[in-house]
Structures are given as C-alpha cells and as structure tokens.
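Convention: sequence-line order gives letters A, B, ...; per-chain numbering from 1. Atoms considered below: every heavy atom in the structure, side chains included; atoms not considered: hydrogens, waters and symmetry mates.
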Amino acid sequence: MSGDHRNPDYQVNSGSKTNDSHKHKDKHKDKEHRHKDHKKDKEREKTKHSNSEHREGRDSEKKLRDKEKEKQKHSNGSSDKHREKQKEKRRDEKVKPIHIDKPKRENENGYAREKSPPPIKSEPEDNGFDPSPKQKPTKRERDDEEFDCKPKKVKKEDEKKAKKRRQDYDDEEEEEDIKPKKKTKVKKGMEGKKPKKEEEEKWKWWEEERATDGSKWRFLEHKGPVFALPYEPLPLHVRFFCDGKQIKLSPPAEEVATFFAKMLDHEYTTKDIFRKNFFKDWRKEMTPEEKSKITDLNKCNFNEMSEHFKAQSEARKQMSKDEKLKIKEENERILQEYGFCLMDNHKERIGNFRIEPPGLFRGRGDHPKMGMLKRRIRPEDIIINCSKDSKHPKPPAGTRWKELRHDNKVTWLVSWTENIQGSIKYIMLNPSSRIKGEKDWQKYETARRLKKCVERLRTQYRDDWKSKEMRIRQRAVALYFIDKLALRAGNEKEEGETADTVGCCSLRVEHINLYPKMDDQEYVVEFDFLGKDSIRYYNKIPVEKRAFKNLQLFLENKQPEDDLFDRLNTSILNKHLQELMDGLTAKVFRTYNASITLQQQLKALTSPDDNLPGKILSYNRANRAVAVLCNHQRAPPKTFEKSMQNLQTKIDDKQKQLATSRKQLKTSKADHKASHDEKSKKAVETKRKTVQRIEEQLMNLQMQATDREENKQIALGTSKLNYLDPRISVAWCKKWEISIEKVYNKTQREKFAWAIDMAEDDFEF
DNA sequence: TAAGGCACTTAGCAATTACCCT
DNA sequence: AGGGTAATTGCTAAGTGCCTTA
C-alpha cells in the first residue's frame, strides 16, 4: 500500500547521545549492520526516485534564485548573520491561495466533539470495536470529511445501547453539574450483574457517547494535591564549612545547601553554569551574615552533608521488613486518598497528585538555567479546578489556595506556575482515564485519515518543489523531511532560555551538509543536530534530486547560524497542512509513519513457523524500526556489558549442556541398537526429548541476546506508548495467538484497555 | 502577525520494585 | 535470605499546537 516503499529509509537513521555528541560520529557506523536487510529496498527506491526526475525546472530555479537574491539584498542589505533577522524576511511573496476546499469544522472553537473517537471514519474496519463478534459502530459519521471519504457505511447503532446511552445523557444534562449519583453507573444491561459499588468493574468508556460541546467533564471532585514534606533541618553533628570554618546555616540556606550536597556525585555540579546559577540562587536564601561569609562556592565544603545523606539512604535500605511495610502502607493510604478523583460518576486515577518538591533545576543538555533553585510550592501558589457543586479540596490548615475555579473546558485538577521558566504545571489524570484515552484514540484516528490521503499530499509537495515562490518550496521540502524522516515540527524557542535544540522548521544551515555524490549514492543530505531533550539526530540519507537542488538554493548566501527555512515556521506549515486535511498537523506524520512502519514490519518479519520467542523477537524488531525512525535513544544501561556477558555465559553453559546430552542420546541409540528392548527404546525417546528441550532453551537464550544487543541504545518504550496505534499490536497478538502480556505490561494494558477490548485480529491501521 | 499564554503530549532518566539465582 | 539485575513506575523537562492579545 501507499508509502510502503519508503519504509526502508527509516532504518537509516542512527545517532548517539548528545553529551559526547559531535566527537563520535564514527560510533554510528557500527550500527549500520542493523540496516542491512533493507538495502535492497533502498536501492529500489533510489531508482524510482531518479526515474521520476525531470529536467525541466532548472531555469525556473535559477530565476527564482536570482529573484530571491535580489530580495535579500534589498530587505536586509548587510549580511546579517543572525537568524533573528531572517524572520523579518518572510512575506512579500505573492499570495497564491490554495485551492482545496476545506470544509469548515462545524464548531469554530475547535471543541467540537463526536461521540467515539473524533472524526471516526465510517470505514467498515474502523468499527470492529465491539466485544461482540458483530460490528456495532458506536460512531456517528462526520459530515465534513473531505477527500478521503469513501461512501459511508453508516451502521445503525445498537438499539439498546443507544437508548441507554441517550438516557444517561439526558439524565445528567438536565441539571448540569449534578452531584455524582451514589449509584455507580455501569453497563447495566451487560453481564447482568449489579455493579460492585467500589470497583465498578472496568468501565468501558469507549462504548459511550462523547460530549460535543467542548466540555471535558460535567462533574469533577478531588482532594487536591499532596505537598512536599516540609524541610527538616540537619542534625547538629552534620557540619558545613566554608573556607575551613564551620558555619551553622539558617534553615532556608541550609535547605538549599542540602540540595547541592545531594547532587555532589553528579557531573552537573562540576559545570560552571550550574555552579554559577546555584550559587546565585543560594545566596538569595542566605542571611546577611551568611552572605558576607560565603562568597565563593569553591570554598564550600558539603562533604558532611553529602555523607549524611548517603548514610541515610543506606539506612533506608537496611530497614526491617516491618518498617518497610509500614511505609508502603502509608503510601498506599495516601494514594487511596489523593490518587483518585471522581469525574462524571467514575472514579479515575490521577497521574501525578504530588506537588514537585523543591530542588535544583536540572535541564537537559546545555541548559542555561541548570542549577537554579526550584522553589517550594505552597498552597498559595495553587489553583484548584473542580465542579462548583463538588466537595472542594481543603487547603492545609492555616493556608489558602491561590484560586478555586470551575472550568470544565480543561482537564486539569490542579495547577501552579513554576519559577524557572515561568510555565504552568498541572495535575492531570492517568493515561488509563477516559479523558486521556479518548484523546489518544482520536490521535490514531487522525493518523489513519492521513494514511488515506498521504499519497496525494506527497504528490503535492513534490509538485511544490517546483514552485516559483521560495516560501512554498521551503514548505514543501520541510514537509518532505517531516514525512520521510519523521522529524518534529520545530517550533521557535526563546534564545537563552533553554538549550539550543531544533526541529524541522527551526533547522539551521549548520545542521546539514549536502553531498551531491557520496560513495555510491547521489544527493545525500547529512543531518547533525540536537533535537528534543538534546538528543542528537545524526543521519546521512539520499534525497530526491529536486529536494536536493532546493536545499542548495536555500543555503545560498547564508551563514551557518542562519535558518535553513527562513520563510517558514511551524504555524505556517500547520496552517497549510490544515488546509490539506482536517486536523492535520506536523506531528500527525510522526504518528502515522510510526504506526504504519510497525504494521508493515510486523507483517514482513513475523514468520508463522517461528516459536514464541522468535515471534517476540520479530515484534521487538518491528518496534525497534520505529524507535530508530523516531530517533528514540537511550544511554546504554550502565550494566549493559556485564549483563551481556552474563547472558553469554548462560549460552555457553547451555551449549555444553547440549553437547553432553547429544552425546548421551547417541549412546542410548547405540544401546538400543544393540539390545532392541523396550527399555532402551524408551531411553532413546527421553534423551531425544531432552536434546530437543535444550536446543529450544538455547535458541531462546540466543534470541534474547540478539534482542538485547540490538536494543543497546534504543528505547522502545516511547514509541510504544506514544506513537504506535495499540490496535496494531493487539491485532498482531490475536492473529498469532500470543497473550497480550507478552507485549504490554500492566500499565500499558491499562492505558490501552480500549484497544485491547475493541481490536480484532484483522485490524488494519 | 508576532509574541506570549495556556493546555496537553512526548521524552529520557532515576528510583523503586519484582524477580531470579545462589 | 539476600544480593544483584532487569523491569516497571515515577518524575518532570521539553516539546507541539492552538488561542489571545497587543
């Protein structure tokens, strides 16, 4: 199907951790072997693309180039090197309206919601969601599907269910924000059991209607957040020295000092910026006297504090079982009290109900603010969001909330403003909750809609490579990258506030190199930049000729620190995408390409003859292909080499064992040949079985080793959790009769309960 | 139309827990 | 039992994208 041929390209990317970043390019080479399998396809694609090149367009290209040059001269005569200035340059091109009649969303405020996942297509296969064998669509079709819409096959709602649902709604909508009814509302008809009042067994929210008015809930009640433990001053014997002299710190200064002391072993504390930021903030907490005595961080001695905390954590490990149990019980109690809320008649798990404790900010990568003090959050900083008529959470005695509001257009329960970036933090529900699940489902449905029109979009952006307008060419090439390489959109960031990282639209000239010829390949682009979380993206990849030519054009007369796409930003790109498909944004491509890759790879790699471990290996490899595509890396586990060795030892042992037992089999065969009696025959059989068993065990171990080795620097979790339509995995499990536990752990099963319940073995993304 | 605010998703690593072996 | 490793969970930073405001 569409896009298949592109898949192999995804394998090419490899990368390594930032920190040692640019020095270690070679490192990437040894990963290359992983991609061997796909060489052939790559070849195929190459030919395909070069065939499709035309020569026309050359001249127009040159003209464009000149024109753009002109423009540049005029607009900012000097060779301003800085990207800031580039921003000013966009505009003056002709506005050429794009003619795609774009159906207006019926609800302008964007809150429009449907029952079931958002724009649920009325595709037949979309609907296999019912636990019952027959499909019963819970969805209503959207009336605004453009292109990609096939004749809609609207199924009638299961009468009973529909009625019931409607009733539920009516009940509640009348009096809005009604008190939660004591009776739990659970699938009444189904199972015919009365709901257990406590754990209303597994609510299937995905079988219910969704609000259409933009409200996220009708009733919300919770107990508020759990605050960080108050600071406990150090015992007297733990001393602090500055310049060799002991100083008894005031509690506020001491608290901040302990933050530093706790991190002493970390590399962070050796970094200049970290130390500078820390010291500056620390001094703010000092008394005047302390301030005058402590003027140089280098003269501060935190060792006793550090030792104290190490001893403390040691002691914690040594605690008796009883003590540990007690702590566990206490935690459980807090979880029960604060870890759940009541939302629209259902008890739902809260994601993070604890307020972040104070400490030193640790950014990722080269963060200008590392080491700054993250201040303690007090009730006075907290905004509570809940139903007007719910039992409001009480602030701790003697305090008050900053604000109590009742906004059901948002999903958060608690928020506060953090002091490092000034951004807002939230307490929200767990991924297993209805409110998160619906959104997740909707995300995959959007990606599936993209699948239906992606070829059209690809044709279009290839076409746009020939546009007379620079901004259109840039947009088209950027989109090509986003599609082909699954790059992130790349919003602008405020300089100096965060680490210098980029995504597609914010790529700079210095982040790519062009090679018209490289070894046996043509039009190779080399990417090397830091992406989200300062993870390095490094990739050398051949691109289509016309894209390459455009890139050359974009680079002309630019300095390394200039924007590659100086006439583009994410908002322009997304506006364009929105016109091409309802709900389309740059990030949908990542979801789409990730999911489609998983599906294809599963199809390609799973062999019916493989045993269970073999199939799991295939699954992990398919998952891995996606992780590589999305550049989801991890630091190799500290104990990696060792654990590999251990496994190898096991394998060696197993091999010896196998050799022995093969020998035994041989002897027993010989015995049998000699005696021909029943007993020896049986012995042969047993031996044969043993050999077989050991062989299998050996194979499994080897498979495990391969899997682990291949996974050394690759993180599978992120894609599994955020990019892969869970229904693909569920379907795969059903198809090969593999239990879902092999693929999803408990948390994952909870998050994807909707998919596990609704996907059948024939689900197609 | 740029800048900033806000809400929500995505991300890697640290801490904790589960599990296995001796 | 306990010690070490692997798997899971928790934490919170860092993105995306939409909306509002100046």
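Going from atom CZ of A:F353 over to atom P of C:dG10 covers 8 Å, rounded to whole Å. Between A:K720 atom NZ and C:dA7 atom P there is a gap of 11 Å when expressed in whole angstrom units. Rounded to whole Å, atom C1' of C:dG2 lies 10 Å from atom NZ of A:K324. A:Q704 places its CD atom 11 Å from the P atom of B:dC20, with the value rounded to the nearest Å. The CH2 atom of A:W412 sits 19 Å away from the P atom of C:dT12 (whole-angstrom rounding). One atom, CG of A:N385, and another, P of B:dA7, lie 9 Å apart when rounded to the nearest Å. Rounded to a whole Å, the CG atom of A:L701 is 11 Å from the P atom of B:dC21. Regarding A:R354, its CZ atom lies at a distance of 7 Å from the P atom of C:dC11, rounded to whole Å.
Residue contacts for A:R488: at a heavy-atom cut-off of 4.0 Å it reaches the sugar-phosphate backbone alone, with no base atom in range. In this structure, A:A499 reaches neither bases nor backbone, as no heavy-atom distance under 4.0 Å exists between it and the strands shown. Note on A:P431: nothing from the nucleic acid sits closer than 4.0 angstrom, heavy atoms only. Residue A:N745 is classed as a sugar-phosphate contact, given heavy-atom separations below 4.0 Å to backbone atoms only. No engagement by A:G503 is indicated, since no non-hydrogen atom pair under 4.0 Å with the nucleic acid exists. If you check every strand for non-hydrogen atoms under 4.0 Å, A:F361 touches sugar and phosphate atoms only. Note on A:R590: only backbone sugar-phosphate atoms sit closer than 4.0 angstrom, heavy atoms only; bases stay farther off. Residue contacts shown for A:T411 are limited to sugar-phosphate atoms, with no base heavy atom under 4.0 Å away. A:T501 comes within 4.0 angstrom of sugar-phosphate atoms only, judged by non-hydrogen atoms across all strands, and of no base. Counting non-hydrogen atoms under 4.0 angstrom, A:G717 reaches nothing in the nucleic acid.
Electrostatic pairing of A:D344 and A:R434 counts as a salt bridge here, judged by a charged N lying under 4.0 Å from a carboxylate O. Residues A:R364 and A:D533 are paired through a salt bridge, judged by an N-O separation under 4.0 Å between the basic side chain and the carboxylate. With salt bridges taken as basic N to acidic carboxylate O contacts below 4.0 Å, none links A:D407 and A:K409.
For the helix from B:dT1-C:dA22 to B:dT22-C:dA1, the end axes, each set by the C1' atoms of five terminal pairs, are bent relative to each other by 0° (nearest 10°).
Between A:K425 and B:dC6, a side-chain N or O to OP1/OP2 separation shorter than 4.0 Å is absent. Residue A:H632 places at least one side-chain N or O under 4.0 Å from the OP1 or OP2 atom of B:dA11. OP1 or OP2 of C:dA6 has at least one side-chain nitrogen or oxygen of A:S643 nearer than 4.0 Å. Taking only side-chain nitrogens and oxygens, A:K216 comes nearer than 4.0 Å to OP1 or OP2 of B:dC8. For A:T718, no side-chain nitrogen or oxygen approaches OP1 or OP2 of B:dT10 to under 4.0 Å. For C:dT12, the OP1/OP2 oxygens have no side-chain nitrogen or oxygen of A:Y426 closer than 4.0 Å. Not one side-chain nitrogen or oxygen of A:K443 sits closer than 4.0 Å to the OP1 or OP2 atom of B:dT9. Within the structure, a side-chain polar atom (N or O) of A:K642 is placed less than 4.0 Å from OP1 or OP2 of C:dT5. Dashed line: the shortest gap from a side-chain N or O of A:N491 to OP1 or OP2 of C:dT16 is under 4.0 Å. Contact check, A:T639 against C:dA6: a side-chain N or O comes under 4.0 Å of OP1 or OP2.
Distances from the side chain of A:K493 to the nucleotides C:dT5, B:dC8, C:dG15 place C:dG15 closest. Nearest to the side chain of A:I424, among C:dA13, B:dC6, B:dC8, sits B:dC6. The side chain of A:H266 lies closest to B:dA14 when the candidates are B:dT10, B:dA14, B:dT9. For A:E356, whose side chain is taken as the heavy atoms from C-beta onward, the closest listed nucleotide among B:dA7, B:dA11, C:dT12 is C:dT12.
Where A:N574 and A:K374 each meet DNA chain C at their nearest nucleotide, the meeting point lying more 5' is that of A:K374. Mapping A:N722 and A:N331 onto DNA chain B by nearest heavy atom places A:N722 closer to the 5' end of the strand. Residue-to-nucleotide proximity on DNA chain C shows that, of A:K587 and A:N352, the 5′-proximal contact is made by A:N352. Checking A:K650 against A:D407, the closest nucleotide of DNA chain B that is more toward the 5' end is the one next to A:D407.
Contact annotation: side chain of A:K532 to base of B:dT10, donor-acceptor pair present below 3.5 Å.
Ring pair A:W441/A:W205 is tilted by interplanar angle, where 30° to 60° counts as tilted. Between A:H367 and A:F361, the ring-plane angle classifies as perpendicular under the 30° and 60° cut-offs.
Among residues two or more places apart in sequence or in another chain, the side-chain contact (heavy atoms from CB on, under 4.5 Å) test is passed with A:P368 by none. Residues that satisfy the side-chain contact (heavy atoms from CB on, under 4.5 Å) test with A:A311, not counting sequence neighbours, are absent from this structure.
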Verdict with supporting geometry, A:Q442 and A:R210, side chain to side chain contact (heavy atoms under 4.5 Å, CB included): CA-CA 12 Å; A:Q442 172 176 340; A:R210 295 162 28 113; 3.6 Å; yes
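Under the 6.0 Å cut-off for aromatic ring centres, A:H511 and A:Y537 do not qualify, their centroids lying 6.0 Å or more apart.
With hydrogens and angles ignored, the 3.5 Å screen pairs a side-chain donor or acceptor of A:R449 with a backbone N or O of A:D582.
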